[in-house]
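Note sheet for the following structure.
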Amino acid sequence: MIVLTSIIFMANPLIIDFGQDKNTNWFSVNDTVMGGRSQGNVSYSENSLVFKGSVSFENNGGFASVRSSFGRYDLSEYETVTVRYNSDGQSLSLNFDYYRAWWYPNYKATLPATDGEWQSVTIALADLKEYRVGRATGNKISKSQLEQIIRLGLMTNDKKEGPFQAEIDFVKFN
């Protein structure tokens, strides 16, 4: 019986569908927390989460992000994550936080800019790369770390100034 339950659990994808659930509690966090001047705001359209703003390097800035509330995401039973999105102006990183403190490592994958065209990207969770304060460490995420993800997020990724806009339809774990 336990094996059957496990198989059923693994067969069902986990979907964060921004068109269906407007109460996901995602919020923006920008470099203004460190004195920067970038702007990024989150809103919802009929079918998606909309994240737009402008990145500025003024006053040591350089990023805008949108993040889920802290929670517990056991992603250890899933093999891949698929994101349906469109973006213009910047590529994004899909972030997986394992620690609450910003200076501890997190894990991420790049979502290339799509020039405003809708696209789906599928990433193997085992390929998520570890970063510490924006620098790659050369490590990848482990299965035990996938059990204890505490927050998901999206961040501008190109380290360039200027406007950006992204819409996220869904994030699906299989």
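- A distance of 4.5 Å separates CG in Asn59 from CZ in Arg37, rounded to the nearest 0.5 Å.
- Shown here for Ser48 and Glu167, the closest heavy-atom pair between the two residues is OG-OE1, 2.8 Å.
- Scanning both residues, Lys160 and Gln90, for their nearest heavy atoms gives O-NE2, 2.6 Å.
- Of all non-hydrogen atoms in Pro163 and Ser54, the two that sit nearest each other are N-OG, 3.8 Å.
- A pairwise comparison of heavy atoms in Lys143 and Ser76 identifies NZ-O, 2.6 Å as the closest pair.
- For the side-chain hydrogen bond (donor to acceptor under 3.5 Å, both in side chains) test, residues two or more places apart in sequence or in another chain that qualify with Ser38 are Asp31.
- By the side-chain hydrogen bond (donor to acceptor under 3.5 Å, both in side chains) test, Thr122 is found to be paired with Thr82, residues two or more places apart in sequence or in another chain being considered.
- Here the shortest heavy-atom pairing between Ile168 and Val171 reads CG2-CG2, 4.2 Å.
- The ring-ring contact (aromatic ring centres under 6.0 Å, His included) test applied to Tyr99 returns Tyr104, not counting sequence neighbours.
- Scored by the side chain to side chain contact (heavy atoms under 4.5 Å, CB included) test, Arg135 finds no partners at all (sequence neighbours excluded).
- Legend: salt bridge (Lys or Arg N to Asp or Glu O under 4.0 Å) pairs involving residues 80-91, not counting sequence neighbours, sorted by first then second residue: Arg84-Asp169.
- For residues 106-121, no residue pair satisfies the salt bridge (Lys or Arg N to Asp or Glu O under 4.0 Å) rule, not counting sequence neighbours.
- Judged purely by distance below 3.5 Å, without hydrogens or angles, the side chains of Asn95 and Ser93 pair a donor atom with an acceptor atom.
- Asp97 places none of its side-chain heavy atoms less than 4.5 Å from the side chain of Tyr107.
- The residue from Trp26, Tyr44, Phe164 that alone fulfils the ring-ring contact (aromatic ring centres under 6.0 Å, His included) condition with Phe51 is Phe164.
- Although no hydrogens or angles enter the test, the distance criterion places a donor-acceptor pair under 3.5 Å between the side chain of Asp158 and the main chain of Ser91.
- Minimum heavy-atom separation, Pro112 to Ser87: O-OG, 3.7 Å.
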